[in-house]
Amino acid sequence: MFDNFSQRLYFLKWFFQIRVLGARKPLQTVLGVSDKCNLRCAHCSVVKPLALSTTKTCEQIERELRECFRMGSRFVDFEGGEPFLWRDGTKTIDDLCALAKRLGFFSATITTNAQLPFDAPNADLIWVSLDGVGARFDEIRGQGAFERLERNVEATRFPRLNANMVVNRINFEDVDAVVDYVWKSPFFNELSVNFHTPFPGTESLELDWDARRKVIDLLIERKKKGAPITNTFRGLRGLKDMSFTKRCWIANFVSVDGSFSPCCPGRELGICDRCGFGMATEMTGIYNLSFETILAGLNLRKRNPKVNVS
Ligand SMILES: C[S@@+](CC[C@H](N)C(=O)[O-])C[C@H]1O[C@@H](n2cnc3c(N)ncnc32)[C@H](O)[C@@H]1O
């Protein structure tokens, strides 16, 4: 995040435009490349049956990236479906990361389920979805999924891996185990925690507020003791009741059907008050120029010193 002088200068200009001139310019883009996936996760509402799935062409993604860049965005996260299944001819998701960088994006990241061997030298960071350890993970993501994840995480040569947990009714008692797993892992740098957001069809997995607050207190305690948790303290506290002023337009969304949303699709669905995305609180932190949030962003793309890439 803001690795050099010109990137920092851009941030200052962007900040001036949003705070002083009142502009609503995105800084980050979440771009869906396909809704094709190799898993059927209990909590997901994105993936379509294979016969109905859509995969964007490289040309379409380039157009979308250019448009997001023109709007102001400089960080892109490629999502799906499963981004590592994406192909256009010989092009892979790694080529999309290289393309984004050529267009001027400061950072390109990928969120994956790690069910296939993966690497993407042009990515700045890969988020691996880790919703539990062992059997609990498989309960959400399907039999054998955890074993495949472990195998592929161990085999990758990619040195900047973070884990991403979505806490729901199935796995809320496993949060401590996931924190320990990431802390001890020689492969992951950090763990980012989100709560299940009740997109249509997945409402029954939403955690009640009491249980959610207990999980957050636990995360705060673990973070105070040095656990590598990406969410900031202020961000975690914000997730307790979502009563902060939301600035979610800082990230825009490009869906798999090609539609642009000026912020998370959850807003159109009217579920912001029950949102569980850690990013929501962190975006408010950016808007308020919270030192803690900026520092967390700066640390995010660090290389894992434990991974030996020769
Ligand atoms: C839709 S998946 C696509 C990328 C990839 N296939 C994966 O599993 O990571 C992107 C992320 O969204 C999370 N996610 C899916 N449904 C969610 C929900 N209802 N609330 C919060 N996060 C959700 C997933 O756990 C995953 O970390």
Side-chain angles (χ1 to χ4, degrees), residues 28-48 50 53-56 76-86 93 96-97 108-116 118 120 123 125-132 136-142 145-146 148-149 152-153 156 161-172 174-175 178 182 188 190-207 212 215 230-231 239 242 248 251 253-257 264-267 269-282:
Q28 186 183 14
T29 293
V30 179
L31 196 151
V33 294
S34 165
D35 49 21
K36 193 163 133 189
C37 197
N38 43 4
L39 288 181
R40 293 289 176 268
C41 305
H43 61 301
C44 179
S45 58
V46 177
V47 168
K48 295 258 171 65
L50 204 58
S53 70
T54 309
T55 296
K56 290 176 183 173
V76 60
D77 183 50
F78 292 111
E79 289 250 3
E82 172 47 41
F84 278 97
L85 289 176
W86 183 87
I93 193 72
L96 294 182
C97 293
T109 59
I110 301 170
T111 303
T112 183
N113 59 27
Q115 296 300 295
L116 293 167
F118 67 92
L125 174 72
I126 296 180
W127 293 100
V128 174
S129 294
L130 185 72
D131 303 317
R136 193 76 79 188
F137 183 89
D138 284 5
E139 202 179 328
I140 296 171
R141 291 191 168 247
F146 187 71
R148 286 191 292 275
L149 177 146
N152 295 322
V153 162
T156 187
L161 285 188
N162 278 6
N164 180 45
M165 179 177 193
V166 177
V167 183
N168 59 33
R169 273 186 195 228
I170 303 173
N171 64 4
F172 71 99
D174 286 29
V175 172
V178 174
V182 170
F188 290 113
E190 289 185 0
L191 171 70
S192 160
V193 181
N194 301 281
F195 289 87
H196 183 79
T197 302
F199 286 101
T202 68
E203 293 88 345
S204 63
L205 287 177
E206 185 182 3
L207 202 59
R212 175 158 155 167
V215 169
T230 310
N231 310 59
L239 281 172
M242 302 305 287
C248 295
F253 283 68
V254 188
S255 304
V256 174
D257 66 9
C264 168
R267 191 178 67 174
L269 294 165
I271 54 176
C272 293
D273 289 344
R274 293 151 70 200
C275 168
F277 288 108
M279 268 305 288
T281 53
E282 305 302 346

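Side-chain atoms are counted along with the backbone in the values below, which use heavy atoms only and exclude waters and symmetry mates. Counting starts at 1 for both ligands and their atoms, in listed order. Throughout, numbering of the chain's residues begins at 1 and tracks the sequence.
The distance criterion of under 3.5 Å between nitrogen or oxygen atoms is met by Glu82 with respect to ligand 1. Any N or O atom pair closer than 3.5 Å counts here, and Asn164 shares at least one such pair with ligand 1. Any N or O atom pair closer than 3.5 Å counts here, and Ser129 shares at least one such pair with ligand 1.
Cys264 places none of its side-chain heavy atoms less than 4.5 Å from the side chain of Met279. Residues Glu282 and Asn231 form a side-chain contact, since some pair of their non-hydrogen atoms from C-beta on lies under 4.5 Å apart. Asn162 is not listed as a side-chain neighbour of Thr109, based on a closest heavy-atom distance of 4.5 Å or more.
Side-chain atoms of Glu82 and Asn113 include a donor-acceptor pair closer than 3.5 Å.
Protein heavy atom nearest atom 12 (O) of ligand 1, with residue, atom name and distance: Glu79 OE1, 4.5 Å. If you check which protein heavy atom lies closest to atom 19 (N) of ligand 1, you get Thr197 O, 2.8 Å.
The shortest heavy-atom distance from Trp127 to ligand 1 is not under 4.0 Å. Taking a 4.0 Å cut-off on heavy atoms, Val166 registers as neighbouring ligand 1. Proximity of Gly80 to ligand 1 is established by a heavy-atom distance of less than 4.0 Å.
The backbone N or O of Asp131 sits less than 3.5 Å from a side-chain atom of Asn171, completing a donor-acceptor pair. In this structure, Asn194 contributes its side chain and Gly278 its backbone to a donor-acceptor pair below 3.5 Å. When atom types are taken as modelled, the side chain of Glu79 and the backbone of Thr111 share no donor-acceptor pair closer than 3.5 angstrom.
Contacts between Arg141 and ligand 1 below 4.0 angstrom, taking non-hydrogen atoms only, involve the side chain exclusively. Here Asn113 has heavy atoms under 4.0 Å from ligand 1 in both its backbone and its side chain. At a heavy-atom cutoff of 4.0 Å, ligand 1 is contacted by no atom of Val128, backbone or side chain. Of the heavy atoms in His43, both backbone and side-chain atoms come closer than 4.0 Å to ligand 1.
Evaluated for a side-chain hydrogen bond (donor to acceptor under 3.5 Å, both in side chains) with Glu206, the options Arg169, Arg212, His43, Arg274 yield exactly one hit, Arg274. A side chain to side chain contact (heavy atoms under 4.5 Å, CB included) with Ile110 is found for one member of Val76, Ile93, Leu96 and no other, namely Ile93.
The ligand atoms of ligand 1 that sit less than 4.0 angstrom from a heavy atom of Phe199 are 19 (N). Close approach of ligand 1 to Thr111 is summarised as follows: ligand atoms under 4.0 Å from at least one heavy atom of the residue are 4 (C), 5 (C), 9 (O), 10 (C).
Separation of atoms CD (Gln115) and OG (Ser129) is listed at 10.0 Å; rounding is to 0.5 Å.
The residue from Gly81, Ala42, Ala163 that puts a heavy atom closest to atom 6 (N) of ligand 1 is Gly81.
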